[in-house]
Amino acid sequence: MRVVLGVSAGIAAYKACELLRLFTESGHEVRVVPTRDALRFVGEPTWAALSGHPVTVDVWDGVHEVPHVRLGQQADLVVVAPATADVLAKAAHGLAGDLLTTTLLTARCPVVFAPAMHTEMWEHPATVANVATLRERGSIVIDPAVGRLTGVDTGPGRLPDPAEIFEICRTVMAGRPRDLEGRKVVVSAGGTREALDPVRFLGNRSSGLQGYALARTAVARGAEVTLVAANVSLPDPAGAKVVRVESALELREAVLTASADADAVVMAAAVADFRPAVRRESKIKKRDGEPEPIELVKNPDILAELGERRRAARQAAGVGSVPGPGASSGVGAPPYVIVGFAAETDDVLANGQAKLARKGCDLLVVNQVGEGLAFGTPDNAATVLVAGGSPVEVPRGPKEDLADTVWGLVAARLV
Ligand SMILES: Cc1cc2nc3c(=O)[nH]c(=O)nc-3n(C[C@H](O)[C@H](O)[C@H](O)COP(=O)(O)O)c2cc1C
């Protein structure tokens, strides 16, 4: 595909070199269009050498090819990374003073902006309004990550990991539907750790890959995503708000808080059913003789709690408690759609059906653990059980495929 990579004058411009490599190495034809000031951060020879194409910033070079029109018209995707506050403002107002802004005006393909700037600039009402304008017109503006900025500051404004920006672009080019636009979704990912003492915990093998794939695909489908991540060591998905937790109790708190105004909650995290009754203040010592028994207590059932809260709210609103297509709209008792995950080793479908009925969720993704599936692998295969509908089989494939099936079913219920 033909990609225009716009680079504006943010300190993160050097990260666009990696983004460029990701595009070229996966076979895309990339024309880099920096702004004049961006060349102060990374010079023209770097872009020309890495892209294999000449690089210019203004509309007066190679005029016989009319580049100010041609590049945008011919592109299959335009991505601006980093996008400065200045470029966002120019794009929102239709200014056309250089090659990047003329390209943005002539492009009819999907346009992705990956802003990066200091928090104050990102949160300024002018930038907020410009971003809203661009989104209204159909551009995809990826929320910046939270983290270390130039100098000692930290906060929202950091350019997401280039690999994550690439992932979004890849899914946009693949024509993923934008059916979650304007929707708020919460995804939990990873596996909880229940502390025994300051150094030990009871945990599980969940890597967070499936939850992260869900978050990434939801961003690509246009959703505002809060990702509650329990002990995951993966790069933050671009555009998602990441809340880090450790234990089941912390995860519960974060999920309930984030889901108070959410349209959908997907509980992909592996949450411990039990936790040690006592968390020792100091390390448990090896003693002679018998090992010390560990007393466990039950953790709250977050999925059942979400279902119960919704049932109560719907009852209060005078709507039936059985969720189904269309039942969610206009009820005013979010989360509208609740999705659970069940990893089973035996009687996979029977256990899944029982769990779906017990928890009162809309969808239950049931996967068999083992045989290179589920935990820690990039692939998954599952059956999605649907309340009031037929199960959907998802054959073995990338976790993004399963995520897309889930979001397709969720989007259908949000109509
Ligand atoms: C060291 C340095 C770092 C900067 N980083 C950013 C940034 O991350 N985001 C931003 O919006 N502007 C940043 N600026 C300000 C822009 O470079 C400035 O607004 C410039 O005129 C933008 O030009 P452009 O949008 O045409 O590329 C930075 C400036 C300097 C000197």
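Ligands are counted one by one from 1 in listed order, and the atoms in each one are counted from 1 as well.
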Asks: Quick one: does Arg216's side chain have a donor or acceptor within less than 3.5 Å of a partner on Ala240's backbone?
Replies: no

Asks: For Arg21, does the CZ atom have more than 12 heavy-atom neighbours from other residues, nucleotides or ligands under 6.0 Å away?
Replies: no

Asks: Do any nitrogen or oxygen atoms of ligand 1 lie under 3.5 Å from a protein nitrogen or oxygen, and which ones?
Replies:
{"residue": "ligand 1", "atom": "5 (N)", "partner": "Ile11", "partner atom": "N", "Å": "3.4"}
{"residue": "ligand 1", "atom": "8 (O)", "partner": "Ala116", "partner atom": "O", "Å": "3.4"}
{"residue": "ligand 1", "atom": "9 (N)", "partner": "Ala116", "partner atom": "O", "Å": "2.8"}
{"residue": "ligand 1", "atom": "11 (O)", "partner": "Ala85", "partner atom": "N", "Å": "2.8"}
{"residue": "ligand 1", "atom": "17 (O)", "partner": "Ala9", "partner atom": "O", "Å": "2.7"}
{"residue": "ligand 1", "atom": "21 (O)", "partner": "Asp37", "partner atom": "OD2", "Å": "3.0"}
{"residue": "ligand 1", "atom": "25 (O)", "partner": "Thr84", "partner atom": "OG1", "Å": "2.6"}
{"residue": "ligand 1", "atom": "25 (O)", "partner": "Asp86", "partner atom": "OD2", "Å": "2.8"}
{"residue": "ligand 1", "atom": "26 (O)", "partner": "Asp86", "partner atom": "OD2", "Å": "3.2"}
{"residue": "ligand 1", "atom": "27 (O)", "partner": "Ala9", "partner atom": "N", "Å": "2.7"}
{"residue": "ligand 1", "atom": "27 (O)", "partner": "Thr35", "partner atom": "OG1", "Å": "2.6"}

Asks: Anything under 3.5 Å between a donor and an acceptor, one on a side chain of residues 93-106, the other on a protein residue two or more places apart or in another chain? List them.
Replies:
{"residue": "His93", "atom": "ND1", "partner": "Ala89", "partner atom": "O", "Å": "2.9"}
{"residue": "Asp98", "atom": "OD1", "partner": "Leu100", "partner atom": "N", "Å": "3.4"}
{"residue": "Asp98", "atom": "OD1", "partner": "Thr101", "partner atom": "N", "Å": "2.9"}
{"residue": "Asp98", "atom": "OD1", "partner": "Thr101", "partner atom": "OG1", "Å": "2.5"}
{"residue": "Thr101", "atom": "OG1", "partner": "Gly97", "partner atom": "N", "Å": "3.2"}
{"residue": "Thr101", "atom": "OG1", "partner": "Asp98", "partner atom": "N", "Å": "3.1"}
{"residue": "Thr101", "atom": "OG1", "partner": "Asp98", "partner atom": "O", "Å": "3.2"}
{"residue": "Thr102", "atom": "OG1", "partner": "Asp98", "partner atom": "O", "Å": "3.0"}
{"residue": "Thr102", "atom": "OG1", "partner": "Leu99", "partner atom": "O", "Å": "3.0"}
{"residue": "Thr103", "atom": "OG1", "partner": "Leu99", "partner atom": "O", "Å": "2.6"}
{"residue": "Thr106", "atom": "OG1", "partner": "Thr102", "partner atom": "O", "Å": "3.0"}
{"residue": "Thr106", "atom": "OG1", "partner": "Thr103", "partner atom": "O", "Å": "3.2"}

Asks: Tell me every residue that passes side chain to side chain contact (heavy atoms under 4.5 Å, CB included) with Gln74, counting only those two or more places apart in sequence or in another chain.
Replies: Arg2, Arg70

Asks: Identify all side-chain donor-acceptor contacts of residues 54-64 below 3.5 Å with residues at least two apart in sequence or on another chain.
Replies:
{"residue": "Thr56", "atom": "OG1", "partner": "Asp61", "partner atom": "OD2", "Å": "2.4"}
{"residue": "Asp58", "atom": "OD1", "partner": "Trp60", "partner atom": "N", "Å": "3.0"}

Asks: What do the steps show when you test Phe166 against Phe23 for ring-ring contact (aromatic ring centres under 6.0 Å, His included), and what is the final call?
Replies: CA-CA 7 Å; Phe166 177 67; Phe23 277 114; 5.1 Å; yes

